S.K.: 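One structure coming up, written as structure tokens, with questions to follow.
Quantities reported herein were computed from a predicted structural model and do not represent experimental measurements. Start at 1 with the first residue, then count along the sequence.
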Amino acid sequence: MRRGQDQAGFTLTELLVSLAVLSLVAGMLGAGVQLVRQMAVRATQQSISNETIVTAQAILRDRIESIVPVARFEQEHPTVDLRGATTKLSFLAPALPAERPTTIRRYRLLRTAAGQIVLYESADLSARIDPHAPGELGWTPTILLTGVDRLKIDYYGAAAPDQNRRWRDQWIDQPAPPELARVRLEFAPGDKRKWPDLIVRPVATINSACRLDPFTGKCAGT
């Protein structure tokens, strides 16, 4: 009889140990599931961030490649209607197909004080909007990226005063667009996003005979 009681006690001990092991396994599985969920969330966020960067680069590449080098005649020698500084680039480019029948639009790329990379555009080519004046009143903004700590734009080509083909931190009052434009970004500290240097070659060269008609967006007389 005592032997039967011992066997019952041993069975109860086994049951308690089994329950403890099952609880441990369940805890480990729960932690594993939570870890998998966290990894999935991080992967999704990283994927979205990468897609945002790819989209921003595609938009900028398309617009800068399509620069329309309309001449300005305010000075003794015609200059291209493009002003490039270290943190701002203003230029003319064809309107997107969805924005037709407008032929040409003005664009301005810059970083705002809030850390946003914004591409402004305006279909108004008349004197009512000074394309080189500070401020973006009358422009339509498209936010490309947020959380950007620094924007730097460089320009490659031969320009005054030295006429050497090299990288420069500005491109203002030149007779033609730069051969290349390079857009660099730095994100806020702790931000793991990476921005590969975007180097774009404008396709067109200056048309020194073109005087822009603000109503048609074409060269006057064409």
Side-chain angles (χ1 to χ4, degrees), residues 41-69 72 79-94 96 105-122 129-174 176-204:
V41 170
R42 286 197 294 267
T44 301
Q45 292 174 342
Q46 185 64 38
S47 177
I48 294 173
S49 298
N50 291 338
E51 290 177 2
T52 303
I53 291 174
V54 169
T55 301
Q57 290 210 346
I59 292 173
L60 293 180
R61 181 178 298 279
D62 175 76
R63 297 293 80 200
I64 295 174
E65 280 184 348
S66 304
I67 283 176
V68 176
R72 296 170 63 95
T79 59
V80 68
D81 193 347
L82 179 152
R83 292 179 68 87
T86 303
T87 58
K88 182 184 297 185
L89 172 60
S90 298
F91 59 94
L92 292 166
L96 296 172
R105 285 182 175 253
R106 292 196 180 276
Y107 291 91
R108 177 176 291 177
L109 172 66
L110 55 81
R111 174 189 172 274
T112 68
Q116 299 173 327
I117 296 299
V118 182
L119 183 64
Y120 290 91
E121 62 177 301
S122 173
I129 290 184
D130 184 346
H132 309 308
E136 283 70 46
L137 183 63
W139 297 71
T140 301
T142 298
I143 300 175
L144 301 180
L145 291 170
T146 59
V148 177
D149 200 44
R150 184 170 178 263
L151 167 66
K152 187 175 189 300
I153 311 173
D154 300 303
Y155 312 90
Y156 183 85
D162 54 48
Q163 296 301 329
N164 294 325
R165 297 174 71 238
R166 62 179 178 84
W167 285 105
R168 304 168 186 274
D169 59 8
Q170 67 176 18
W171 196 271
I172 299 174
D173 295 335
Q174 299 297 334
E179 296 180 41
L180 300 171
R182 180 174 62 197
V183 181
R184 291 175 166 174
L185 297 181
E186 292 181 8
F187 293 102
D191 194 322
K192 296 183 180 180
R193 289 178 294 172
K194 301 295 182 184
W195 172 274
D197 283 358
L198 177 63
I199 301 178
V200 185
R201 182 182 186 89
V203 175

S.K.: Indicate yes or no: does R201 engage E65 in a salt bridge with an N to O separation below 4.0 Å.
M.R.: no

S.K.: Under a 3.5 Å threshold, yes or no: a donor from one side chain and an acceptor from the other, between R168 and Y155?
M.R.: no

S.K.: To the nearest 0.5 Å, what is the distance between CG (L109) and CD1 (I64)?
M.R.: 6.5 Å

S.K.: State, to 0.1 Å, how close P141 and V118 come at their nearest heavy-atom pair, and which atoms those are.
M.R.: CB-CG1, 3.7 Å

S.K.: Please report the C-alpha distance between Y107 and L119 in whole Å, then the side-chain angles of each, then the deciding distance to 0.1 Å, and finally whether the side chain to side chain contact (heavy atoms under 4.5 Å, CB included) criterion is met.
M.R.: CA-CA 7 Å; Y107 291 91; L119 183 64; 4.1 Å; yes

S.K.: Without swapping roles, check the side chain of W171 against the backbone of A176 for a donor-acceptor pair under 3.5 Å.
M.R.: yes

S.K.: Closest approach of T52 and L144, non-hydrogen atoms and distance?
M.R.: CG2-O, 3.7 Å

S.K.: Looking at every non-hydrogen atom in both residues, tell me the closest pair between R61 and V200 and how far apart they are.
M.R.: O-CG1, 3.8 Å

S.K.: What I want to check is whether the side chains of S90 and R108 have a donor and an acceptor closer together than 3.5 Å.
M.R.: yes

S.K.: Is any side-chain heavy atom of L92 less than 4.5 Å from a side-chain heavy atom of R105?
M.R.: no

S.K.: Do I153 and T86 have side chains that approach each other closer than 4.5 Å (heavy atoms only, starting at C-beta)?
M.R.: no

S.K.: Could you tell me the separation between the NZ atom of K194 and the CD atom of E186, rounded to the nearest 0.5 Å?
M.R.: 10.0 Å

S.K.: Could you check if a side-chain atom of D191 sits within less than 4.5 angstrom of a side-chain atom of D149, using non-hydrogen atoms only?
M.R.: no

S.K.: List the atom of I67, the atom of P202, and the distance in Å for their closest heavy-atom pair.
M.R.: CD1-CG, 4.3 Å

S.K.: I want to check something: taking the side chain as every heavy atom from C-beta on, are E121 and T142 in contact at a cut-off of under 4.5 Å?
M.R.: yes

S.K.: Distance-only, no hydrogens or angles: does the Q57 side chain make a donor-acceptor pair with backbone N or O of W195 under 3.5 Å?
M.R.: no

S.K.: Kindly indicate whether the side chain of L82, heavy atoms from C-beta on, has any atom under 4.5 Å from the side chain of P178.
M.R.: yes

S.K.: Determine, stepwise, if the pair T87 / R111 fulfils side chain to side chain contact (heavy atoms under 4.5 Å, CB included).
M.R.: CA-CA 7 Å; T87 58; R111 174 189 172 274; over 6 Å; no

S.K.: Measuring only between side-chain heavy atoms, which start at C-beta, is F187 closer than 4.5 Å to I53?
M.R.: yes

S.K.: Quick one: CG on D197 to CZ on R184, what's the gap to the nearest 0.5 Å?
M.R.: 4.5 Å

S.K.: Looking only at heavy atoms, what is the nearest atom pair of V68 and A93, with distance?
M.R.: CG2-CA, 3.9 Å

S.K.: Evaluate R182 against W167 for side chain to side chain contact (heavy atoms under 4.5 Å, CB included), listing each step before the verdict.
M.R.: CA-CA 9 Å; R182 180 174 62 197; W167 285 105; 3.6 Å; yes

S.K.: Distance check, rounded to the nearest 0.5 Å: I59 atom CD1 versus L198 atom CG?
M.R.: 11.5 Å

S.K.: Counting N and O atoms only, with roles assigned by atom type, does the side chain of D162 sit under 3.5 Å from a partner on the main chain of N164, one being a donor and the other an acceptor?
M.R.: yes

S.K.: For K152 and D169, run salt bridge (Lys or Arg N to Asp or Glu O under 4.0 Å): C-alpha distance rounded to whole Å, both residues' side-chain angles, the deciding distance at 0.1 Å, then the answer.
M.R.: CA-CA 8 Å; K152 187 175 189 300; D169 59 8; over 6 Å; no

S.K.: Between I117 and I143, is there a side-chain heavy-atom distance shorter than 4.5 Å?
M.R.: no

S.K.: Are the side chain of W139 and the backbone of R106 linked by a donor-acceptor contact shorter than 3.5 Å?
M.R.: no

S.K.: Taking C-beta and beyond as the side chain, do L145 and L185 meet within less than 4.5 Å on heavy atoms?
M.R.: yes

S.K.: Just checking R165: does its CZ atom have more than 12 heavy atoms from other residues, nucleotides or ligands closer to it than 6.0 angstrom?
M.R.: no

S.K.: Report the C-alpha separation of Y120 and L110 in whole Å, then their side-chain angles, then the decisive distance to 0.1 Å, and conclude whether the side chain to side chain contact (heavy atoms under 4.5 Å, CB included) test is met.
M.R.: CA-CA 8 Å; Y120 290 91; L110 55 81; 3.8 Å; yes

